[in-house]
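See below for the structure under consideration.
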Number of protein chains: 2
Amino acid sequence: MSRSKPTIDDVARVAGVSRATASRVINNAPGASGPLRARVREAVAELGYRPNEAARALASGRPRVVDVIAVSCNLPGGWLGSNPYYSRVLAGMMPLLEGTGAQLRVHALSHETAAETLDEIAAGVTLGAVLSDITPPLAARFHRLCRRVVSLVPTAATVPAMVADNIGGAYTAVTQLHRLGRRRIAAIHGPAISTCAADRRIGHLRAVQRLGLAEISADGAFTREGGYHALQRLLELHPDLDAVFVACDLMAAGVVQALTAGGRRVPEDVSVIGFDDSVAAVCANPPLTTMRLPVEEMAAAAVRLLLHGDVPPGHRELFPAELVLRHSTGRLTAA
Amino acid sequence: MSRSKPTIDDVARVAGVSRATASRVINNAPGASGPLRARVREAVAELGYRPNEAARALASGRPRVVDVIAVSCNLPGGWLGSNPYYSRVLAGMMPLLEGTGAQLRVHALSHETAAETLDEIAAGVTLGAVLSDITPPLAARFHRLCRRVVSLVPTAATVPAMVADNIGGAYTAVTQLHRLGRRRIAAIHGPAISTCAADRRIGHLRAVQRLGLAEISADGAFTREGGYHALQRLLELHPDLDAVFVACDLMAAGVVQALTAGGRRVPEDVSVIGFDDSVAAVCANPPLTTMRLPVEEMAAAAVRLLLHGDVPPGHRELFPAELVLRHSTGRLTAA
DNA sequence: GCTTCCTGTGAGAGCGCTCTCGCCCGTATC
DNA sequence: GATACGGGCGAGAGCGCTCTCACAGGAAGC
């Protein structure tokens with residue numbers, strides 16, 4: 001009689017079956033057949049019944065939530081706000097979740113509160129967690145508490161991960177600059193705390209050694225300002241540089257601005273290549289040649305793994321970075 | 001004995017109290033005192049007890065989830081992936097939620113599936129929903145089903161909203177161009193389906209009429225490419241334009257690129273002003289003067305309202321857009 | 001010394017669902 | 001015709017928690 005939401009018992013009563021049968025029909029489970037199925041469905045439609053997720057979770061113990069966790073390795077807060085990376089992660093996960101009825105819970109944690117909140121998530125019911133940004137120690141700790149985790153950043157070896165080939169990407173980028181005839185190639189790296197940044201640094205170093213180039217580099221904190229100032233410092237020490245490999249697009253946008261401000265033309269005087277293929281790359285002027293990471297695909301693969309079942313510890317898939325040619329490196333044929 | 005998670009009964013047993021008292025202590029409810037509180041807390045710590053959220057939600061009927069809903073008004077999927085707006089929304093909400101134990105659920109819906117999923121959310125338990133992007137009809141429908149909603153975009157009048165002053169912002173932007181001495185001011189608008197775009201169009205029109213300027217405009221779909229091509233069309237028809245008001249930064253970045261490609265200097269020949277103060281504004285070269293929307297503040301205000309209690313229908317707060325001066329309009333003193 | 005009124009505590013009834021178990025009945029088997 | 005089997009269905013026991021209510025025991029008032 002009350003205006004409160006119909007429960008499965010109401011459905012069962014209206015359909016003239018037991019609650020168990022109603023449940024079977026609602027969950028598409030076997031063991032109910034033909035006419036009863038139809039009657040139950042009819043009752044559901046008539047009452048506008050929607051299962052109560054909390055009760056389901058409690059009774060079944062089977063969670064229907066996927067957690068996305070970001071512990072900003074960088075600027076507190078600022079990083080999340082200014083970086084479209086997370087949007088790409090979410091966009092990659094959403095379509096897979098749509099059919100399953102699983103929901104997406106987002107946690108943006110600061111370093112101070114991270115450990116406590118991670119424990120809480122691990123203790124709770126979750127289909128699994130996707131770590132979109134985290135430090136190796138925190139990731140390892142979380143993995144110890146909750147086996148159903150996939151990281152999107154290179155991290156502790158035990159933690160299953162869908163990672164981009166940052167090393168290979170950086171190597172490719174530097175090689176590309178070399179192919180264009182550039183020989184005074186500088187690099188602007190990200191903060192050491194980020195494992196992505198560390199990998200890109202490794203890739204750059206390998207390429208430099210392989211190609212027999214001088215190692216010229218500066219650090220830039222993954223921000224536009226960081227890139228701008230790093231390039232200014234670099235330009236003072238090495239006024240003859242003719243190319244810059246920048247560890248992220250945001251910094252690269254700053255680099256292009258600094259080059260323009262310093263009277264250098266891009267790409268005629270200096271070639272610039274970024275990393276990530278983010279909005280920053282597209283919005284820079286000239287638009288940036290960059291290494292595209294298949295973030296959506298990685299996120300989707302992570303969700304697929306979690307949805308599918310157990311996540312083997314140490315499982316690791318490498319996603320190649322792809323060179324996206326735009327104007328900041330000039331024409332490829334000029335090589 | 002089992003390795004399974006401790007329940008509140010375990011805590012009660014270890015502490016030597018009843019389940020009710022344990023619950024009181026855990027929830028900081030009154031009615032338990034002094035030594036018992038200490039004993040319970042001790043037991044909690046000893047067992048590593050964490051309350052089961054599902055059971056809590058079921059027993060109390062009090063939801064601890066805030067939903068963020070985006071029904072992309074624009075490109076299916078592409079919008080979410082490339083727009084840092086959502087990251088800003090999430091960043092604004094996160095700090096408020098951290099203390100409350102409430103969690104954030106994210107839904108990125110396509111137009112096709114939106115209605116069904118919205119019904120589901122409305123029927124479920126939620127502290128409330130924040131609509132970060134939606135069409136008025138869908139918003140109105142959702143509001144009818146679930147009173148606890150706050151929209152971040154201007155929408156149906158009944159739906160409570162924390163909205164940016166898009167009309168005023170656009171008006172300010174055009175006025176600013178006028179103050180710089182520009183008289184052939186063009187506008188590039190967003191898609192009509194977006195209420196934000198519609199409001200910015202209104203603001204532009206008002207300013208143009210007020211200032212006695214010619215109305216020159218084109219449409220650009222809120223994408224960089226859209227901005228690029230819109231400007232090319234505009235330039236063909238009005239080669240003498242000396243300023244462009246662009247309804248979003250992403251398009252504005254494209255505009256700057258098109259101007260550069262067309263041999264115009266920014267800001268010497270043409271001033272450009274964007275909207276949103278997104279990464280795109282900062283990464284463009286030259287960096288864009290733009291209208292900053294306090295997205296984080298709006299999102300935070302929305303959460304505060306939901307957390308606080310009932311949301312009065314029709315409640316509306318207007319957040320002013322703030323002019324952020326960068327290089328794309330030249331020096332203000334040159335006015 | 002009796003009633004009255006607190007305040008602190010515990011017992012126990014659900015919240016809405018899932019899932020195991022056993023019953024019933026129809027069919028196959030001897 | 002008796003026994004065995006199996007599939008469809010319902011009864012009912014939880015899942016882990018919250019919250020109402022009854023009760024015990026001490027302080028206060030007459």
Side-chain angles (χ1 to χ4, degrees), chain A residues 2-41 43-44 47-65 101-103 120 123-127, chain B residues 2-41 43-44 47-65 101-103 120 123-127:
Chain A
S2 71
R3 277 271 142 269
S4 65
K5 290 175 190 167
T7 71
I8 198 171
D9 286 293
D10 298 324
V11 172
R13 196 161 22 75
V14 169
V17 300
S18 74
R19 189 176 40 214
T21 300
S23 173
R24 280 190 268 261
V25 174
I26 289 164
N27 294 294
N28 287 317
S33 220
L36 284 203
R37 287 201 115 76
R39 293 226 310 268
V40 171
R41 286 197 214 288
V44 166
L47 295 172
Y49 168 77
R50 303 270 176 182
N52 176 320
E53 277 309 321
R56 270 190 164 174
L58 179 58
S60 72
R62 206 180 313 116
R64 313 204 181 203
V65 178
Q103 304 189 310
E120 206 154 296
V125 270
T126 176
L127 256 172
Chain B
S2 70
R3 276 269 142 270
S4 66
K5 291 176 191 168
T7 73
I8 198 171
D9 286 292
D10 297 324
V11 171
R13 196 160 23 73
V14 168
V17 299
S18 76
R19 188 177 41 213
T21 299
S23 174
R24 278 190 269 264
V25 175
I26 290 163
N27 293 294
N28 287 318
S33 218
L36 285 202
R37 285 201 116 77
R39 292 224 314 266
V40 171
R41 286 197 214 288
V44 166
L47 296 172
Y49 168 75
R50 302 270 176 183
N52 176 320
E53 276 310 321
R56 271 190 163 175
L58 179 58
S60 72
R62 207 180 312 118
R64 315 201 178 204
V65 179
Q103 305 188 310
E120 207 153 295
V125 270
T126 176
L127 256 172

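Just so we're on the same page: letters track the sequence lines, and every chain starts at 1.
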**Asked** For A/E53 and D/dC17, what is the distance between atoms CD and P respectively, to the nearest whole Å?
**Response** 19 Å

**Complete:** Winner on side-chain proximity to A/A20, out of D/dC17, C/dC17, C/dC19, is C/dC19

**Prompt:** In whole Å, what is the span from the CD1 atom of A/I26 to the C1' atom of C/dT18?
**Reply:** 11 Å

**Request:** Measure the spacing between CZ of B/R13 and CG of B/L47 and express it to the nearest 0.5 Å.
**Result:** 8.0 Å

**Listed partners of A/V44 passing side-chain contact (heavy atoms from CB on, under 4.5 Å), at least two apart** = A/V11, A/I26, A/V40, A/Y49

**Prompt:** Could you state the interatomic distance from CZ (B/R50) to NZ (B/K5), rounded to the nearest 0.5 Å?
**Reply:** 10.5 Å

**Request:** Find the distance A/R39:CZ to D/dG8:P and express it as a whole number of Å.
**Result:** 16 Å

**Message:** Distance criterion of 3.5 Å, no angle test: do you see the side chain of A/R19 paired donor-to-acceptor with the base of D/dG10?
**Reply:** no

**Message:** Can you tell me which nucleotide in C/dG10, D/dC17, D/dT18 comes closest to the side chain of B/Y49?
**Reply:** D/dC17

**Item:** Base C/dG10 to side chain B/R24, donor-acceptor N/O within 3.5 Å cut-off
**Value:** yes

**Message:** Under 4.0 Å from OP1 or OP2 of C/dT18: is there any side-chain N or O of A/S60 that close?
**Reply:** no

**Message:** Check whether B/S60 reaches the backbone of B/R56 with its side chain - one donor and one acceptor, N or O, closer than 3.5 Å.
**Reply:** yes

**Message:** Let's see if you can work this out: which of D/dA11, C/dT18, D/dC17 has an atom nearest to the side-chain heavy atoms of B/N52?
**Reply:** D/dC17

**Message:** Which nucleotide wins on minimum distance to the side chain of B/R62, given the candidates D/dC9, D/dT18, C/dT18?
**Reply:** D/dT18

**Request:** Side chain of A/S18 only, please: which of D/dC17, D/dA11, C/dC17 is the nearest?
**Result:** D/dA11

**Prompt:** Is the shortest side-chain N/O distance from B/S23 to OP1 or OP2 of D/dC17 below 4.0 Å?
**Reply:** no

**Asked** Starting at CG of A/D10 and ending at P of C/dG16, how long is that distance when rounded to a whole Å?
**Response** 9 Å

**Message:** Considering every strand and a 4.0 Å limit on heavy-atom distances, what is the contact class for B/G31: base, sugar-phosphate, or nothing?
**Reply:** base

**Fill in**
Side-chain contact check for A/R56: nearest option of D/dC17, C/dG10, C/dC17 is C/dC17

**Fill in**
Between CZ of A/R13 and C1' of D/dG10 the distance, given in whole Å, is 16 Å

**Message:** Between A/I8 and B/L36, which residue's closest nucleotide on DNA chain C lies nearer the 5′ terminus?
**Reply:** B/L36

**Request:** Indicate yes or no for a side-chain donor-acceptor contact from B/N27 to the backbone of B/R24 under 3.5 Å, with no hydrogens or angles considered.
**Result:** no

**Asked** Want to settle it: does A/L58 or B/G16 sit nearer the 5' end of DNA chain C, counting the closest nucleotide to each?
**Response** B/G16

